[in-house]
Amino acid sequence: MILKEALIIEIEKERKCLIETAFKEGFTSNNTVEISQFIDDMLNELEKIN
């Protein structure tokens with residue numbers, strides 16, 4: 001349960017970072033895409049836990 005909660009918190013933190021980066025650098029910038037892929041990976045891990 002602790003891992004799941006920590007993962008959810010990290011996903012939300014990264015989502016905020018994604019939004020800021022997308023508006024600052026553009027939606028197709030390398031940094032934006034990397035953060036998006038990282039969030040996708042974390043969401044996949046969360047799905048495995050559920």
Side-chain angles (χ1 to χ4, degrees):
M1 257 329 191
I2 294 173
L3 175 62
K4 181 179 175 181
E5 291 173 13
L7 195 52
I8 291 169
I9 291 168
E10 185 65 23
I11 290 168
E12 289 305 317
K13 184 179 116 185
E14 291 297 323
R15 281 182 176 164
K16 290 176 185 175
C17 182
L18 175 65
I19 292 166
E20 290 173 9
T21 304
F23 282 118
K24 187 167 70 172
E25 298 181 17
F27 289 89
T28 59
S29 77
N30 287 338
N31 287 334
T32 302
V33 172
E34 285 180 18
I35 296 168
S36 178
Q37 290 172 339
F38 182 61
I39 292 170
D40 287 345
D41 292 342
M42 288 191 294
L43 288 169
N44 288 336
E45 287 300 315
L46 184 61
E47 187 63 30
K48 288 179 188 176
I49 294 170
N50 289 333

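Fair warning: this is a prediction, and the values are worked out from it, not measured in the lab.
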Rounded to the nearest 0.5 angstrom, the CE-CD distance for Met42 and Glu47 is 14.5 Å
Is there side-chain contact between Val33 and Ser36, with at least one heavy-atom pair below 4.5 Å? no
First locate atom CG of Leu46, then atom CD1 of Ile11, and finally report the distance between them rounded to the nearest 0.5 Å. 5.0 Å
Show your working on side-chain contact (heavy atoms from CB on, under 4.5 Å) between Leu43 and Ile39 and close with a plain yes or no. CA-CA 6 Å; Leu43 288 169; Ile39 292 170; 3.9 Å; yes
Do we see a donor-acceptor contact under 3.5 Å between the side chains of Lys4 and Asn50? yes
Hey, is CG on Asp40 packed in by over 12 heavy atoms from elsewhere, all under 6.0 Å? yes
What distance do Lys48 atom NZ and Leu7 atom CG have between them, rounded to the nearest 0.5 Å? 11.0 Å
Identify the heavy atoms of Glu14 and Ile35 that sit nearest to each other, and give their distance. O-CG2, 3.7 Å
Nearest 0.5 Å, what's the CD-CD1 distance between Glu5 and Ile2? 7.0 Å
Within the distance-only criterion (no hydrogens, no angle test), does the side chain of Thr21 pair as donor or acceptor with the backbone N or O of Cys17 below 3.5 angstrom? yes
Rounded to the nearest 0.5 Å, what separation is found between the CD atom of Glu20 and the CZ atom of Arg15? 14.5 Å
Shared hydrophobic cluster for Leu3 and Ile9 (ILVMFWY, side-chain gaps under 4.5 Å): no
With sequence neighbours excluded, tell me which residues meet side-chain contact (heavy atoms from CB on, under 4.5 Å) with Lys13. Glu10
